[in-house]
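Just so it is clear: chains get the letters A, B, ... in the order the sequence lines come, proteins before strands, and each one is counted from 1. Atoms considered below: every heavy atom in the structure, side chains included; atoms not considered: hydrogens, waters and symmetry mates.
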Number of protein chains: 2
Amino acid sequence: MPDNQLTPVSYVVLGLVAQGATTSYDMKQKASRSVGYFWNFPHSQLYAEPERLAKLGLLEEEREEGGRRRRVYTLTPAGRKALDEWLREPTSEQPQIRDTGLLKLFFGAGLTPAELSALARAQEEAHLARLAVYEEIADAVTSANHAAVVRAGLLHERTFVDFWRELAATRR
Amino acid sequence: MPDNQLTPVSYVVLGLVAQGATTSYDMKQKASRSVGYFWNFPHSQLYAEPERLAKLGLLEEEREEGGRRRRVYTLTPAGRKALDEWLREPTSEQPQIRDTGLLKLFFGAGLTPAELSALARAQEEAHLARLAVYEEIADAVTSANHAAVVRAGLLHERTFVDFWRELAATRR
DNA sequence: GGGTACATGTAATCAGTTACATGATTTA
DNA sequence: TAAATCATGTAACTGATTACATGTACCC
């Protein structure tokens, strides 16, 4: 029962399977318009990771007979347990942000006001685009928890749209 | 001049050296109370990465004679150029967030209100702690750009403190 | 002068990413 | 039936992380 060698992506996979995803492609589809927005990874991991989890006994792997003969995954009791325990453990782990824009701002003492302004506008655009996506998703969401996550996304994007907009204004 | 094989951490190192850091430990010190908050990485990278950059001709490496005989790095003209060009290129890249709390919320349809509340409080605590750090840093900051970055951090943390607090309240 | 914290690195591993390759299904 | 597009993977690489190991300076 080695439970601590699981990565966040492991739990994403377990969670997606628990929510009814069965094949890697299915997970990819579901993830790409939900959890993928706040924990991104390439689709190849959705082929590698389930295999690992199957080896650990947390997923069961079956092979389709006809057609594409793709691998179909289901949660084992051990997998369900691992997921539940992880979910129930409140994390105080610090969220990480990886923001190239802030990085450039931090090191950009030598930038001209125009260059800084261009950076700020590009970032504002990026956040606006993401905001639009979240607003669209917000309408389609069914569960209370998913709605809450989308809300977090909306608040976050609005915060940064404002931040960059103000920055562009004050440095003009 | 292979410029695209540089990672964000490469630029962090170049930026730190440009800001006057000379040894790996020095970079570690400076990063740990600034850029490390929004782009975290283990200190071992601050030994490996400068070596790579030196091989690429972007840093010059010298060895101290006496004492610890540590490696002292300085920017080469090519390094300065690479950094400047990167800084001047406005990024529209989407910032990534990696938030375990949101992950648990997303997959936590089966959590009881009490468990959800515990998660929310733990997350609120974590964000409050980080907020306190930023407030302290805010006073010590000298440059306008650094002040702006700290401001982004403050806004971000306040957003999430509020988010989790409200969540705990509405699900009670 | 012994202990403790600070400082400097290395080695090994692995998760994550990129790139490639091909099969199945739909559509025009 | 040809051509897109959707779908399913694999292989290779490497950046990032973990863990270890040791040296130096300080302080009690």
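- Backbone-only contact: A:Phe41 has heavy atoms under 4.0 Å from sugar-phosphate atoms and none from a base.
- Distances were taken from every side-chain heavy atom of A:Thr7 (C-beta onward) to each of C:dG16, D:dT10, C:dA7; the shortest belongs to C:dG16.
- What separates OH of A:Tyr47 from C1' of D:dA7 is a distance of 6 Å, to the nearest Å.
- A salt bridge does not link B:Glu124 to B:Arg121: none of the charged nitrogens lies less than 4.0 Å from a carboxylate oxygen.
- With distances taken from any side-chain atom of A:Ser44 to the nucleotides C:dT10, C:dT18, D:dG9, the minimum falls on C:dT18.
- Using bins of under 30°, 30° to 60° and over 60° for the plane-to-plane angle, the ring pair A:His146/B:Phe106 lands in the parallel bin.
- Looking at the side chain of B:Tyr25, the nearest of the listed nucleotides D:dT8, D:dA16, C:dA7 is C:dA7.
- Of the two residues near DNA chain C, A:Arg52 and B:Lys28, the one whose nearest nucleotide lies more 5' is B:Lys28.
- OP1 or OP2 of D:dG9 sits under 4.0 Å from a side-chain N or O of A:Arg71.
- Comparing C:dA7, C:dG16, D:dG9 by their nearest atom to the side chain of B:Arg70 picks out C:dA7.
- One can place CD of A:Glu51 at 15 Å from P of D:dT8, the figure rounded to the nearest angstrom.
- Salt bridge annotation for B:Arg151-A:Glu166: present, with a cationic side-chain nitrogen under 4.0 angstrom from a carboxylate oxygen.
- Checking D:dT10, C:dT17, D:dT17 against every side-chain atom of B:Gln45, the shortest atom distance belongs to D:dT17.
- Of the charged side-chain nitrogens involved, at least one lies within less than 4.0 Å of a carboxylate oxygen, so that A:Glu85 and A:Lys81 count as a salt-bridged pair.
- Between the side chains of A:Ser10 and A:Glu49, at least one donor N or O lies within less than 3.5 Å of an accepting N or O.
- At a non-hydrogen distance threshold of 4.0 Å, nothing from residues 94-106 of chain B comes into contact with DNA chain C.
- In this structure, A:Leu46 places its CG atom 12 Å from C1' of D:dG9, rounding to the nearest Å.
- Note: CG (A:Leu53) to P (C:dA15) measures 11 Å, nearest angstrom.
- As a whole-Å value, the separation of B:His43 NE2 from D:dA19 P is 13 Å.
- A single hydrophobic cluster is seen to contain both A:Leu53 and A:Phe41, as judged by linkage of ILVMFWY side chains at heavy-atom distances under 4.5 Å, directly or through other members.
- Rounded to whole Å, the distance from CD on A:Glu49 to P on C:dC14 is 13 Å.
- Atom CG of A:Asp26 and atom C1' of D:dC6 are 14 Å apart (whole Å).
- Per the geometry, CE belonging to A:Met27 stands 18 Å off C1' belonging to D:dC6, to the nearest Å.
- A:Trp86 and A:Tyr11 have parallel rings, their planes meeting at less than 30° on a 0 to 90° scale where 60° marks the start of perpendicular.
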